[in-house]
Amino acid sequence: MQQAELIERIKELKKKRNAVILAHYYSRPEVQDVADFVGDSLGLSQEAVRQGADVIVFCGVHFMGESAAILCPDKTVLLPEIDAGCAMADMADVPGLRKLKEMHPDALVVCYVNSSAAIKAESYICCTSANAVEVVNSLDADEVIFVPDKNLAAYVATHTDKKIIPWEGHCPTHHQVLREDVLRMKEVHPEAEFIAHPECRPEVLKLAEKVASTRGMIVYAKESKAREFIVGTECGLIHALLKEAPEKKFYCISEYACCPSMKMVNLENLLVSLENMQSVVTVPDDVRERAKEALDRMLAVKINR
Ligand code: 13P
Ligand code: SF4
């Protein structure tokens, strides 16, 4: 089937199913273009709650679909590619987290949304890259266990007086970006500002003019006086950057800054998903209720966006 026909069929089925398509900025460009809403993890969670549709088709990875299913139990959440996991989310496990909690009984657990529903259920509150600092600083505790991203934990630690106890996880896509990559790109593009995602290593973030979530990077690039940017995150963001700031130039930090899981959803499996109503994301009730408390606490934290 040609792309135009695929898009037409997706739009027809979307209407028939009363469905809405949500996509993360790391999705394939053609998937972002057919989506009703494209955003960062915080924006996508907020949008899932806001939407009146019966069906949410999530173009992203498993934890994103799970978050929507936790927040919207009355809606059917579809993930076109059920095997699209997140390597960082897979680095955390419940027995290990329980052990850490036992070792630090006074600490509250903050869990990055890039985690399984079971890890969320073990946590006091969730956060995203857009609100991690505000979430941690909102807590009535001096010690915080931060799971699963050690890089985001280190970034938060530089913006709080609380003691941060990190889980030893990381995002392979962001962690492989090295200081040398940034220095090389800065040499090639001396006029460009370096904008980076807080999942990058601390020594990489030190070189950044701006550290922010994917949405925060777009907002910054639009408002900055700079005309060129080196983009320190997954390269899918460049499609959205060019759409919102077409007059500016964006250079991907490295040809390896690609998350294979985020590219698994394409127009073909998106259409099949809507045709066959598959794959439905489900979370067992006992896990869902506890995980929802952690997500609801996060959504109640006010941030400036
Ligand atoms: P944000 O879009 O929330 O910044 O998250 C990035 C990410 O890693 C999603 O997988
Ligand atoms: Fe997970 Fe990293 Fe891929 Fe985001 S970019 S989905 S954190 S592996």
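Excluded from the calculations below are hydrogen atoms, water molecules and symmetry mates; all remaining heavy atoms, backbone and side chain alike, are included. Both counts, for ligands and for their atoms, begin at 1 and track the order of listing.
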Tell me which protein heavy atom sits closest to atom 7 (S) of ligand 2, plus the residue, atom name and distance to 0.1 Å. N114 ND2, 3.2 Å
Which protein non-hydrogen atom lies closest to atom 2 (Fe) of ligand 2, naming both residue and atom, and how far is it? C171 SG, 2.3 Å
What protein heavy atom lies closest to atom 3 (Fe) of ligand 2? Include the residue and the distance to one decimal. C259 SG, 2.4 Å
Looking at ligand 2, would S261 count as a contact under a 4.0 Å heavy-atom criterion? no
Report yes or no: does H197 contribute a side-chain atom to a donor-acceptor pair with the main-chain N or O of E199 at less than 3.5 Å? yes
Test your reading of the structure: does H24 have an N or O sitting under 3.5 Å from an N or O of ligand 1? yes
Close-contact set for ligand 2 against M88 heavy atoms, below 4.0 Å: 7 (S)
Angle between ring planes, H174 versus Y26, binned at 30° and 60°: parallel, tilted or perpendicular? tilted
Would you mind checking which non-hydrogen protein atom is closest to atom 1 (Fe) of ligand 2, with the distance to 0.1 Å? C86 SG, 2.4 Å
Is the side chain of S123 donor-acceptor paired with the backbone N or O of C126 at a distance under 3.5 Å, no angle test? no
Can you tell me which portion of N114 lies within the under-4.0 Å heavy-atom range of ligand 1? Options are side chain, backbone, both, or neither. side chain
Does ligand 1 come near enough to S213 that some N or O of the ligand is less than 3.5 Å from an N or O of the residue? no
Is E199 close enough to touch ligand 2? Criterion: a residue heavy atom under 4.0 Å from a ligand atom. yes
Of the side chain and backbone of M64, name the one, both, or neither that has a heavy atom under 4.0 Å from an atom of ligand 1. side chain
